[in-house]
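Worksheet: the structure to be examined is printed underneath.
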Amino acid sequence: MDTGNCSKRSVTSLPPGPSGLPVVGSMFEYEGPQTNLKWTKQYGPIYHVRMGNRKMVYLNTIELVEKYMEGRNGEQFLDRPTGPAAFAEGLLFGSGDNWRNNKRAFMKALHTRTLLEDAEAAVQNELTLVLKDLHTKAESDGQFKIGDILLPACANVLSGFLLGDSLPENSTDREILHAVVKNLEGVDLTSPLVQFSLKHPKLCEHLKKFAWHDFIDIYGTSRRLQRLIGQWIYQIRQGLSDVTIDHLTQQLNQTTALTPNTKKAAKPERTGERDQRCPLVKISAPEIDYSDSSSIQPHIESSAMEITSEACASTTKTNGNFHRAGHILQRQPEVEDVAAGEHRSFLSTPNDLMKKFVSCESLLPEDDEETVEAVESQVQFSALGFLPQDSAVPRVKAVTLPVLMPSEGSGCDTTQTEFQRHLGREMSMNVNHHSILRRILAQPEFAEAEGDEELLQSLVDMFFGGVTTVLSGLEFVLMYLSKYTTMQMLAQQEISRVLAEHGVVKITWSMREKMPYLRACIVEGLRLGSVTPSSLPHVASVDAEIEGYSIPKGTFVLASIYSLHQDQQEYDDPKDYKPQRHLDAQGTICTPRSYRPYGIGARQCLGDRLAEMELFIFIAAILRDFDITSPPGNASEMKTHMRVVHRLQNFECFLRKRKRKF
Ligand code: HEM
């Protein structure tokens, strides 16, 4: 390995590098990731820079990075400096045992069979809203900043992923979260003034009066996020004690004898007479295998169709009202728009069906109280059978449960077990029983309230690390595709072909293997964009040595991801956008070992899989629905800046609705 002029020497001083100015060092010389390339040319693949009083050593080849930041050598460089506005060590900026405990607990919580499903549910939920907004923008025919729509969506995906369900639209929690990420987006961590304000928060409190508030809001942002997450934790901990799975099972066994028109009844009488139950329950198919989603699917579809007419026929009093409600349900735009084959994808999970009901509710005529009341009582009735009356769970969420509930006398003894096996997760998800956050809370590291500071900081870190990164990745990929329209067209053709093969319109994570070209476009966008141009700082926890240079304890050691991604030995014309370079002769995706957007070794990104899924599903769905263009100019002329992450400075685009050819 050629590591420049520095190998095989006796341990000497720090590696060479720019000498910088007194006090500030090279702070004002750094102009973004291309400065790393400039310094590499000048000083070799290992160089040393002083930023203020911090000594930073950059490793600029994959060989050096693998040798010193992974495996045994890497253990000397696992610590981090104190984080900006941190109130505990947490995940991003934790060191030593605290970080180890936090990371182990989070990894265990994320190591679940349903991780991908949970993540996908969160992404798909947000995608629906994103597309709605983008369609509106496309109709207005103007140029707009797509990041304004994608930023809150990225935050919502993360909250949905943690909570097991989206924060309701227009809810206060959602508003707070959006305000927090908007603030975060504006923070410029590279600014010396921000660095100063982080070091001297009290002093800056006074300087605030002189319009310094922009620089120091990161503390307030962090505190607001902390409070919001603290509430979620509180709610879940409360819920754990009074809503247990056993309790739900009991409720399941004692179904109520209410008629759909019993909304005003204070407490349901439990008679165990299943025949009198809500007609929705009767829509059943005991023969179906609940563990096999493909056999459930047609059942869900037919249930969805029958559901309203069955419900309508239930009582004479409310017959007309339900009938009208049924029409409204069936007239939902999604259902009407799609052809028969595509319908399947729309209702592919019980969760989809649930959403259908939720959106049905929002379509109910506000001025027709009787209809609204009839539908609500139906929905409420369905919920009452399964959830404790005082449950904080919104009633509409339980509405899917009866739909798949086999009826009495079906001859299927295992019905209930099967029901729970398949829908247990769905049901649990609604009360957050299996949400990732609930799993995190169940880890012994966080079981006691004393662990709450580390827990809270780690959760705050997920948002600090997992929102603007994904947003920036999305923007880079969309920017390149808007400039290279032939590549955009190739990706769109691939998407159309795969959807046509599946006979569906919905993009799912399971389709990724069949869309290697699109994935190559994403990989190439992340390579060139280098959202995090260097790893976060790894700190030497002992006096160490790298290729003959001494690295005193406390020195920051960073992998220059940007340099790895621009390595001329790995990539010909490294500055060019060439997705095909990541495809082998068989057209399969293959990335070189220097492709490391998510960092290195034990400190590697915790959210890489969620990020990959978000990028794939969001971009595929956007390209499915729209042609995207941006104002004239080369991709290389697009201005970027370093804030919390490396980001396009002002990416605006036009969308034109595509005609579906599948
Ligand atoms: C395109 C999107 C993303 C990119 C490019 C990215 C990149 C990175 C990088 C380079 C690191 C530092 C690795 C190192 O120091 O060696 C990191 C750490 C981290 N990321 Fe991400 N990330 C992304 C998305 C996410 C998401 C979605 C989450 C949350 C779900 C997340 C959570 C974290 C956390 C908690 C750490 C700290 C890990 C540790 O220090 O042990 N990231 N990420």
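Only this structure's heavy atoms are used, side chains among them; waters, hydrogens and symmetry mates stay out. Whatever order the structure lists ligands and atoms in, that order sets their numbers, starting from 1.
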Requested in this report: Quickly, which of Asn60, Thr35, Thr61 forms a side chain to side chain donor-acceptor pair (under 3.5 Å) with Thr40? Name it, please.
Outcome: Asn60

Given [options], identify the one with the heavy atom nearest to [atom].
| atom | options | value |
| --- | --- | --- |
| atom 30 (C) of ligand 1 | Leu158, Leu606, Leu78 | Leu158 |
| atom 43 (N) of ligand 1 | Ser535, Cys154, Cys605 | Cys605 |
| atom 3 (C) of ligand 1 | Leu92, Thr469, Ile522, Val470 | Thr469 |
| atom 14 (C) of ligand 1 | Arg603, Arg609, Arg596, Arg100 | Arg603 |
| atom 16 (O) of ligand 1 | Arg80, His538, Glu70 | His538 |

Query raised in the report: So is Gly599 in contact with ligand 1, going by heavy-atom distances below 4.0 Å?
Result: yes

Query raised in the report: Hey, is Phe106 one of the residues with a heavy atom under 4.0 angstrom from ligand 1?
Result: no

Query raised in the report: Hey, does Leu91 come in under 3.5 Å of ligand 1, counting only N/O atoms on both sides?
Result: yes

For [X], counting its heavy atoms only, list the atoms of ligand 1 lying under 4.0 Å from any of them.
| X | value |
| --- | --- |
| Thr532 | 7 (C), 10 (C) |
| Ala611 | 2 (C), 24 (C) |
| Pro597 | 5 (C), 7 (C), 10 (C) |
| Gln604 | 38 (C) |
| Ile600 | 16 (O) |
| Met462 | 29 (C), 30 (C) |
| Lys103 | 38 (C), 39 (C), 41 (O) |

Answer yes when [X] and [Y] have at least one side-chain N-carboxylate O distance shorter than 4.0 Å, and no when they do not.
| X | Y | value |
| --- | --- | --- |
| Lys506 | Glu120 | no |
| Lys182 | Glu185 | yes |
| Arg519 | Glu612 | no |

Side chains of [X] and [Y]: donor-acceptor distance under 3.5 Å anywhere?
| X | Y | result |
| --- | --- | --- |
| Ser530 | His646 | no |
| Asp576 | Tyr571 | no |
| Glu570 | Tyr595 | no |
| Glu454 | Asn102 | yes |

Nearest protein heavy atom with distance in Å, relative to [atom]:
| atom | answer |
| --- | --- |
| atom 26 (C) of ligand 1 | Gly466 CA, 3.2 Å |
| atom 6 (C) of ligand 1 | Tyr598 CD2, 3.7 Å |
| atom 32 (C) of ligand 1 | Gly607 N, 3.9 Å |

**Report entry** Polar side-chain atom of Glu494 near backbone of Tyr517 as donor-acceptor pair, under 3.5 Å
**Finding:** yes

**Report entry** Side chain, backbone, both or neither: the part of Asp461 lying under 4.0 Å from ligand 1 by heavy atom
**Finding:** neither

Query - Per-residue contact class, Trp99 against ligand 1 - non-hydrogen pairs under 4.0 Å - result: side chain

Query - Phe556/His538 aromatic ring centres below 6.0 Å - result: no

Query raised in the report: Only one of Asn73, Val57, Ile46 forms a side-chain contact (heavy atoms from CB on, under 4.5 Å) with Tyr68, so which one is it?
Result: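 One option only clears the test, and that one is Asn73.
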
Report task. Establish, yes or no, whether the cationic atom of Arg603 lies under 6.0 Å from the six-membered ring centre of Trp99 and within 45° of the ring axis. Result -> yes

